[in-house]
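Okay, so here's the structure we're looking at.
Bear in mind the structure is a predicted one, so any value in this text is a computation, not a measurement. We name chains A, B, ... by the order of the sequence lines, and we start the count at 1 in each one.
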Amino acid sequence: MTVTWSNQQIKEFRKTLLDWYDEERRDLPWRQDHDPYHVWISEIMLQQTQVNTVIPYYTRFMKLFPTVSDLANADEAVLLKAWEGLGYYSRAKNLKRAAQQIMADYQGVFPETPEALEDLAGIGPYTAGAIASIAFNVPVPAVDGNAFRVFSRLMEIEADIAKPQTRKIFTDIIAKVIDPDRPGDFNQAIMDLGSSYMTAKNPDPEHSPVKAFDQAYLDGKELDFPVKSKKPKPVDVPYVGLIIRSERGYLMQHRGTTGMLAGFWTFPLIKIADLDLGDDVVMATELAQHVTEYLHRETGITAELTPMGGRAITQVYTHQKWQVNLFGAEVLAQDLSHFPGEWVPQSNLAKLALPKVQIKMMNRLGMDPTK
DNA sequence: GAAGCGTGGTC
DNA sequence: TGACCAAGCTT
C-alpha cells in the first residue's frame with residue numbers, strides 16, 4: 001500500500017534531503033551557475049544518457065555554441081557532428097529549432113514558466129520542470145526516471161512507471177513534497193539520490209540519508225520498486241552493407257531527413273527484406289547477385305560484388321538489432337543521378353557525422369574513423 | 001497510448 | 001551474450 005506523509009514528515013524530509021545535498025552535491029560542469037541555457041543543454045544531453053558520457057560533450061558544445069544565438073544560427077552538419085555518438089539525434093535538431101523559437105518569440109530571452117518552456121521543440125514535462133525549477137526557482141516537480149524510482153521506493157507506489165498515465169500520480173505527490181523555497185535543489189537532490197544510494201541495481205539504502213523515509217527499504221522490499229513492465233526485445237533485421245570504392249573515394253549514402261539515423265552518412269545499407277527474395281534460403285553468392293542488380297538499378301553502377309567474409313556487423317537499437325553483411329567491390333566512379341549519395345574521399349569521411357554502425361564498418365576495413 | 005528513436009555501461 | 005539501465009520527447 002502506498003504510504004502517505006504528514007506535513008511534519010514532509011518538512012523533515014525536505015530538510016534531511018537538502019542538508020545532505022548541501023554537503024554531497026556532485027560538482028558538474030553545468031552546475032557552475034543557473035544560466036537557463038546551460039541548464040537546458042545539459043538536461044537535453046542527459047536524457048537517457050549517463051552523466052559521465054555527457055560531460056565531454058557538454059564542454060565541447062559550450063565552446064562551439066556559447067549562446068542561444070550561436071545555436072540558432074548553427075550549421076546543421078556541424079551540430080550533428082558535435083552530437084555524434086550521443087544518440088537520439090532528434091535531440092540535436094530540436095535544440096536548434098527551440099533556439100530559433102527563443103530568438104523569434106522571446107527576443108533571445110528564455111521563457112520562465114513550465115507551460116511556455118513545453119512549447120519549445122524537444123522540451124517535455126520533465127525538462128520544462130527541470131529548467132523552471134533550477135534556473136528560475138519555480139516550485140514544480142521534475143519527474144524523471146530517478147524521481148520515479150526514488151519516490152516509488154520511499155512511498156511504495158505500485159503504479160507501473162512504464163505507463164504514461166502514471167506520471168500524473170508522481171507529479172501530484174512530488175508537488176506536495178517539493179521544497180517551495182529551493183525547488184531546483186530539491187529536484188537535483190532527488191536525482192543525486194537516485195544515482196547514488198537509490199540506484200536501480202545494487203542500491204545502498206542502508207547508508208542513504210533518507211533511509212528513515214524509505215518504506216520499501218524498511219520493509220526489505222527495496223528491489224520490488226519501481227514497478228515497471230517489460231519492453232519487447234529488439235527484432236533482428238538483416239542488412240547488406242556495401243563497400244564500393246573508386247578513384248573518387250567511397251560510395252556514401254545520405255539517410256534522408258526522417259527515421260533512423262536521419263541526416264547521417266553511411267556506406268549504402270540495404271534491408272535484405274527490400275530485395276524481395278521470397279522465402280527461400282539464399283546463399284551468399286546468390287545474395288551477391290541480387291544485390292549487384294539492386295545496386296545497378298539504384299545507382300547505375302556495375303560492380304562485381306564479393307562477400308567480405310567475417311561475421312555480420314551487429315548494431316543493437318532500442319527496437320531493432322541490425323545484422324549487416326558486408327559486400328565489397330572496386331569500380332570506376334560515375335555520376336550518381338538520383339541516388340541520395342556521393343563519392344567521398346577517405347580523407348573527408350571524418351568530417352561527416354557518422355553513426356556507430358558506420359564506425360564499426362570502417363573498423364572492419366581497418367580504417368581509422370577519426371581521420 | 002503505443003511505438004520509434006542511439007549509445008555506452010554493467011552484471 | 002543477453003538483458004537491463006541511464007536526468008525523455010515526438011508522433
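- Among the protein residues, A:Leu86 comes within range of the nucleic acid bases, having at least one heavy atom under 4.0 Å from a base atom.
- Here A:Ala130 lies out of heavy-atom contact (under 4.0 Å) with every strand.
- When heavy atoms are screened at a 4.0 angstrom cut-off, A:Ile359 is found touching no nucleic acid atom at all.
- Atom CE of A:Met155 and atom CG of A:Asp214 lie 11.0 Å apart (nearest 0.5 Å).
- Rounded to a whole angstrom, the distance from the C1' atom of C:dC9 to that of B:dG9 is 23 Å.
- Looking at heavy-atom distances under 4.0 Å, A:Ala142 makes no contact with the nucleic acid at all.
- Heavy atoms of A:Thr127 sit under 4.0 angstrom from primed sugar atoms or phosphate atoms, though from no base atom.
- For A:Tyr88, the side-chain atoms get nearest to C:dG8 when compared with the rest of C:dA3, C:dG8, C:dA7.
- Judged by distance alone with a 3.5 Å cut-off, a donor-acceptor contact links the side chain of A:Arg26 to the base of C:dA7.
- Side-chain atoms of A:Gln47 lie closest to C:dC9 of the nucleotides B:dG6, C:dC9, B:dG4.
- The base of B:dG6 sits with one of its N or O atoms less than 3.5 Å from a complementary donor or acceptor on the side chain of A:Thr318.
- In this structure, the nucleotide among B:dG4, C:dG8, B:dT7 sitting nearest to the side chain of A:His319 is B:dG4.
- Checking B:dG1, C:dA7, B:dT7 against every side-chain atom of A:Tyr89, the shortest atom distance belongs to B:dT7.
- DNA chain C is contacted by both A:Pro125 and A:Arg311; A:Arg311 maps to the nucleotide lying nearer its 5′ end (nearest heavy atom per residue).
- Counting non-hydrogen atoms under 4.0 angstrom, A:Gln188 reaches nothing in the nucleic acid.
- A centroid separation of 6.0 Å or more is found between the aromatic rings of A:Phe110 and A:Tyr37.
- Closest approach to the A:Lys201 side chain among B:dA2, C:dA7, B:dT10 is made by B:dT10 (side chain taken as heavy atoms from C-beta onward).
- For A:Trp30 and A:Gln32, the side-chain atoms include no donor-acceptor pair closer than 3.5 Å.
- Atom CD in A:Gln320 sits roughly 9 Å away from atom C1' in B:dG4 (whole-Å rounding).
- Comparing B:dG6, B:dC11, C:dA6 against the side chain of A:Met260 picks out B:dG6 as the nearest.
- Taking the P atoms as reference points, C:dA6 lies 23 Å from B:dC5, given to the whole Å.
- The nucleotide whose nearest atom lies closest to any side-chain atom of A:Gln165 is, among B:dG1, B:dC5, B:dG6, B:dG1.
- Between A:Lys163 and A:Tyr57, the one whose closest nucleotide on DNA chain B sits nearer the 5' end is A:Lys163.
- Among the protein residues, A:Trp30 comes within range of the nucleic acid bases, having at least one heavy atom under 4.0 Å from a base atom.
- Side-chain contact between A:Ser196 and A:Trp20: present, with at least one pair of heavy atoms (C-beta onward) separated by less than 4.5 Å.
- Put simply, CG on A:Asp185 is 15 Å from C1' on C:dA7, counting in whole angstrom units.
- Regarding A:Lys231, its NZ atom lies at a distance of 10 Å from the P atom of B:dA2, rounded to whole Å.
- Comparing B:dT7, C:dA7, C:dC4 by their closest approach to the side chain of A:Pro355 singles out B:dT7.
- Ring orientation note: the planes of A:Tyr250 and A:Phe267 are tilted relative to one another, at an angle of 30° to 60°.
- A ring-centre distance under 6.0 Å is found for A:Phe213 and A:Phe13.
- Residue A:Gly124 is classed as a sugar-phosphate contact, given heavy-atom separations below 4.0 Å to backbone atoms only.
- The gap from the P atom of B:dA2 to that of C:dA7 amounts to 22 Å, rounded to the nearest Å.
- With a 6.0 Å cutoff to the six-membered ring centre and a 45° limit on the axis angle, A:Arg60 counts as a cation-pi contact of A:Tyr57.
- The gap from the C1' atom of C:dC5 to that of B:dG6 amounts to 14 Å, rounded to the nearest Å.
- Distance A:Leu46 CG to B:dT7 C1': 14 Å, rounded to the nearest Å.
- Side-chain atoms of A:Gln315 and A:Lys321 include no donor-acceptor pair closer than 3.5 Å.
- Distance check on atom C1': B:dG1 versus C:dT10 gives 13 Å, rounded to whole Å.
- Not a single donor-acceptor pair, N or O on each side, falls under 3.5 Å between the base of B:dG8 and the side chain of A:Thr49.
- When each of A:Gln50 and A:Thr258 is assigned the nucleotide of DNA chain B with its nearest heavy atom, A:Thr258 is the one assigned upstream, toward the 5' end.
- Within the nucleic acid shown, A:Lys321 comes within 4.0 Å of sugar-phosphate atoms alone, with no base atom in reach, counting heavy atoms only.
- At a threshold of 4.0 angstrom between heavy atoms, the contacts of A:Val54 with the nucleic acid are absent.
- Residue contacts for A:Arg255: at a heavy-atom cut-off of 4.0 Å it reaches no nucleic acid atom on any strand shown.
- Protein atom CG of A:Leu95 is 19 Å distant from nucleotide atom P of C:dA7, rounded to whole Å.
- Here A:Asn187 lies out of heavy-atom contact (under 4.0 Å) with every strand.
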